[in-house]
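Let me begin by presenting the structure, written as structure tokens, before commenting on it.
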Amino acid sequence: MTVTPPNAVRYTGPILDWYAEHARDLPWRAPDATPWGILVSEIMLQQTPVARVLPVWREWMRRWPAPEALAAEPSGEAVRAWGRLGYPRRALRLHACAVAITERHGGRVPDSYDELRALPGVGAYTAAAVASFAYRQRHAVLDTNVRRVLARLITGVEYPPKTQTAAEVTLAESLLPPDAPTAARWAVAVMELGALVCTARTPRCVDCPVIGSCAWHQAGRPPYDGPPRRGQTYAGTDRQCRGRLLAVLRNAEGPVEKAALDVAWSDPVQRERALDGLVADGLVDPLEDGRYALPS
DNA sequence: TAGGCGTGGCC
DNA sequence: TGGCCAAGCCT
């Protein structure tokens, strides 16, 4: 029996009420959303904005409404359907998820955290999210939104540490409402608050249901004081080169000649390195005749 | 554990 | 204008 800290209700009540009124109407939150649809959405949403995911998710679910349908297709079809969502290895992993679910779980998305966590591309966050959102279980669902909300609300700093700490997990668990259905609603509600109100750049504190309890706000919203938080340049990197090469294959009907890849990136050394990487990752299939294709 | 891994919109 | 950011995972 877990005991909820007495002051936790200061946050949970108002945030649950706020969510009831302001939650976005997203298809993977609809009453008829399946665990498979929720898993697909979680993988697609990793590091990717909702607006870009929506159309791809709809088409994906129309085409592959259950894991068996996707598992029956070549992985390259998943990569093609992934379009420009980015991080295309996720498409490969989602396809591998479909195969594993079909073969190991009888076509049903598992409902235990450990079995979810064992699926390809499913880490601590996604396993907790699917267990919570699809199966209404009680888990600390700690994503970038929630980490930021807790950093401000409880810790009183603008941003959480670069990498997730054990203290953050402990804190998130201490705030979970005792009963599972409420904990599941709380999980999605805090996340939504971070996405819509307690945003990274310009938080809308005026719209915040817990502004009166916010440690960061009460401290005068002190700016982040710590090491630089990122530095992911992109132009000219291998990542951009990989993206260009894969786009050539996505846009082609079938296999392409090497020359079609060569014109996509001028630096031959970097191009070959990137192509080797794509092949090593299983995103590109080098054919015996010298052409290249999406994997089969 | 820090770094690699896409893409595009925003202020 | 361009750095920052978006429901992370894997090695």
Side-chain angles (χ1 to χ4, degrees), chain A residues 23-24 26-29 33 37-57 79 82-94 96-97 116-134 139-149 158-166 168 172 187-196 198-204 224 227-250 264-265 270 273-274 276-278 280-284:
Chain A
R24 287 169 294 179
L26 300 171
W28 44 84
R29 289 183 188 158
I38 291 169
L39 173 62
V40 171
S41 79
E42 289 304 333
I43 302 279
M44 288 185 174
L45 285 163
Q46 291 168 3
Q47 302 283 281
T48 309
V50 167
R52 203 177 311 159
V53 165
L54 275 170
V56 180
W57 184 89
V79 175
W82 197 254
R84 307 185 67 80
L85 281 185
Y87 294 141
R89 288 186 294 191
R90 292 182 293 165
L92 239 34
R93 292 176 182 146
L94 191 45
C97 272
L116 287 163
R117 181 67 183 77
L119 294 171
V122 175
Y125 161 75
T126 303
V130 172
S132 178
F133 303 159
H139 295 277
V141 181
L142 207 50
D143 78 325
T144 186
N145 289 305
V146 177
R147 295 183 61 217
R148 188 176 55 248
V149 170
E158 185 177 20
Y159 296 119
K162 264 195 309 290
T163 55
Q164 185 177 304
T165 63
E168 291 181 86
V188 71
V190 194
M191 193 176 308
E192 189 78 336
L193 185 69
L196 297 184
C198 196
T199 54
R201 229 98 50 111
T202 312
R204 313 182 198 347
Y224 175 76
R229 311 191 58 241
R230 251 178 209 180
Q232 63 167 285
T233 51
Y234 182 62
T237 60
D238 284 12
R239 284 158 82 172
Q240 185 183 29
C241 182
R242 287 167 55 107
R244 291 278 177 80
L245 296 176
L246 202 58
V248 171
L249 286 168
R250 271 201 317 265
W265 195 263
Q270 189 175 28
R273 185 172 64 232
D276 286 348
L278 288 169
D281 286 346
L283 284 163
V284 171

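Throughout, protein chains are lettered first and strands after them, A, B, ... in sequence-line order, and every chain is numbered starting at 1. Hydrogens, waters and symmetry mates are skipped; everything else that's a heavy atom, side chains included, is used. In this text, all values refer to a predicted model and were calculated from it rather than measured experimentally.
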Position toward the 5' end of DNA chain C (nearest nucleotide), A:Y125 or A:P120 = A:Y125
Considering heavy-atom distances to DNA chain B, does A:T163 or A:A247 have its closest nucleotide positioned more toward the 5' end?
-> A:T163
Residue A:L26, side-chain heavy atoms: nucleotide from C:dA7, B:dG6, C:dC10 that is nearest | C:dA7
Contact class for A:R242 vs. all strands (heavy atom < 4.0 Å): base, sugar-phosphate, or nothing?
-> sugar-phosphate
Report the residue (A:Q240 or A:T202) whose heavy-atom-nearest nucleotide on DNA chain B is the more 5′ of the two.
-> A:Q240
Sugar-phosphate, base or nothing in reach of A:A124, heavy atoms under 4.0 Å | sugar-phosphate
Report the nucleotide, chosen from C:dG8, C:dA6, B:dC5, that has the shortest atom-to-atom distance to any side-chain atom of A:R89.
-> B:dC5
Closest to side chain of A:T144, choosing from B:dG6, C:dA6, C:dC9 = C:dA6
List in chain and number order the residues that pass salt bridge (charged side-chain N to carboxylate O under 4.0 Å, His left out) with A:E158, two or more places apart in sequence or in another chain; answer none if no residue qualifies.
-> none
Any residue meeting side-chain hydrogen bond (donor to acceptor under 3.5 Å, both in side chains) with A:D276, in chain and number order, not counting sequence neighbours | none
So, A:Y87 and A:R239: side-chain donor and acceptor under 3.5 Å apart, yes or no?
-> yes
Out of C:dG8, C:dC5, C:dA7, which has the shortest distance to the side chain of A:Y159?
-> C:dC5
Looking across every strand, which nucleic acid part, if any, lies under 4.0 Å from A:T126 by heavy atom: base, sugar-phosphate, or nothing?
-> sugar-phosphate
Among B:dG4, C:dA7, C:dC10, find the nucleotide with the atom closest to the side chain of A:R93.
-> C:dC10
So what does A:A129 touch, heavy atoms closer than 4.0 Å: a base, only the sugar-phosphate, or nothing?
-> nothing
Testing C:dC10, B:dT7, C:dC9 for proximity to the side chain of A:R84, the answer is B:dT7
Heavy atoms under 4.0 Å, any strand shown: does A:V141 hit a base, just sugar-phosphate, or nothing?
-> nothing
Would you kindly give the CG-to-P distance between A:D281 and B:dG3, to the nearest whole Å?
-> 19 Å
Starting at CG of A:L92 and ending at P of C:dC9, how long is that distance when rounded to a whole Å?
-> 17 Å
Separation of the P atoms in C:dC4 and B:dG3, to the nearest angstrom | 16 Å
Would you please confirm or rule out a distance under 4.0 Å between OP1 or OP2 of B:dG4 and any side-chain N or O of A:T237?
-> no
pair A:D281-A:R242: side-chain heavy atoms closer than 4.5 Å | yes
When you measure from the side chain of A:R201, which nucleotide among C:dG8, C:dG3, B:dC5 comes out closest?
-> C:dG3
Figure out the CG/P separation between A:L45 and C:dC5, and round it to whole Å.
-> 19 Å
Spacing of A:H139 atom NE2 relative to C:dA7 atom C1', expressed in whole Å = 16 Å
Per atom distances to the A:R90 side chain, the nearest of B:dT7, B:dG6, C:dA7 is B:dG6
Span that lies between the P atom of C:dA7 and that of B:dC5, in whole angstrom | 22 Å
Looking for any heavy atom pair under 4.0 Å, which part of the strands does A:L246 touch: base, sugar-phosphate only, or nothing?
-> nothing
Select base, sugar-phosphate, or nothing to describe what A:W82 touches, counting heavy atoms under 4.0 Å on all strands.
-> nothing
Side-chain contact check for A:Q46: nearest option of B:dG6, C:dG8, C:dA7 is C:dG8
Between C:dG8 (P) and A:L116 (CG): distance, integer Å | 17 Å
Figure out the CE/P separation between A:M44 and B:dG8, and round it to whole Å.
-> 16 Å
Whether A:R148 side chain and A:C198 backbone form a donor-acceptor pair below 3.5 Å = yes
Do the charged groups of A:E42 and A:R90 touch, with an N to O distance under 4.0 Å?
-> no
A:N145 CG - C:dA7 P separation (whole Å) = 4 Å
A:R147 side chain N/O closer than 4.0 Å to the phosphate oxygens (OP1, OP2) of C:dA6?
-> no
Among C:dA7, B:dG8, C:dG8, which is the nearest nucleotide to the side chain of A:Q47?
-> C:dG8
Could you tell me whether the phosphate oxygens of C:dA6, OP1 or OP2, come under 4.0 Å of any side-chain nitrogen or oxygen in A:R148?
-> yes
Do you know the tightest heavy-atom contact between A:H139 and A:A128?
-> CB-CB, 4.0 Å
Give the minimum heavy-atom separation between A:R250 and A:V79, together with the two atoms involved.
-> CD-O, 3.8 Å
Which is true for A:R273 with a 4.0 Å heavy-atom rule: it touches a base, it touches only sugar-phosphate, or it touches nothing?
-> nothing
Given DNA chain C, 5'-ward residue of the pair A:L119 and A:E42, judged by closest heavy atom = A:E42
To the nearest Å, give me how far apart CZ (A:R239) and P (C:dC9) are.
-> 16 Å
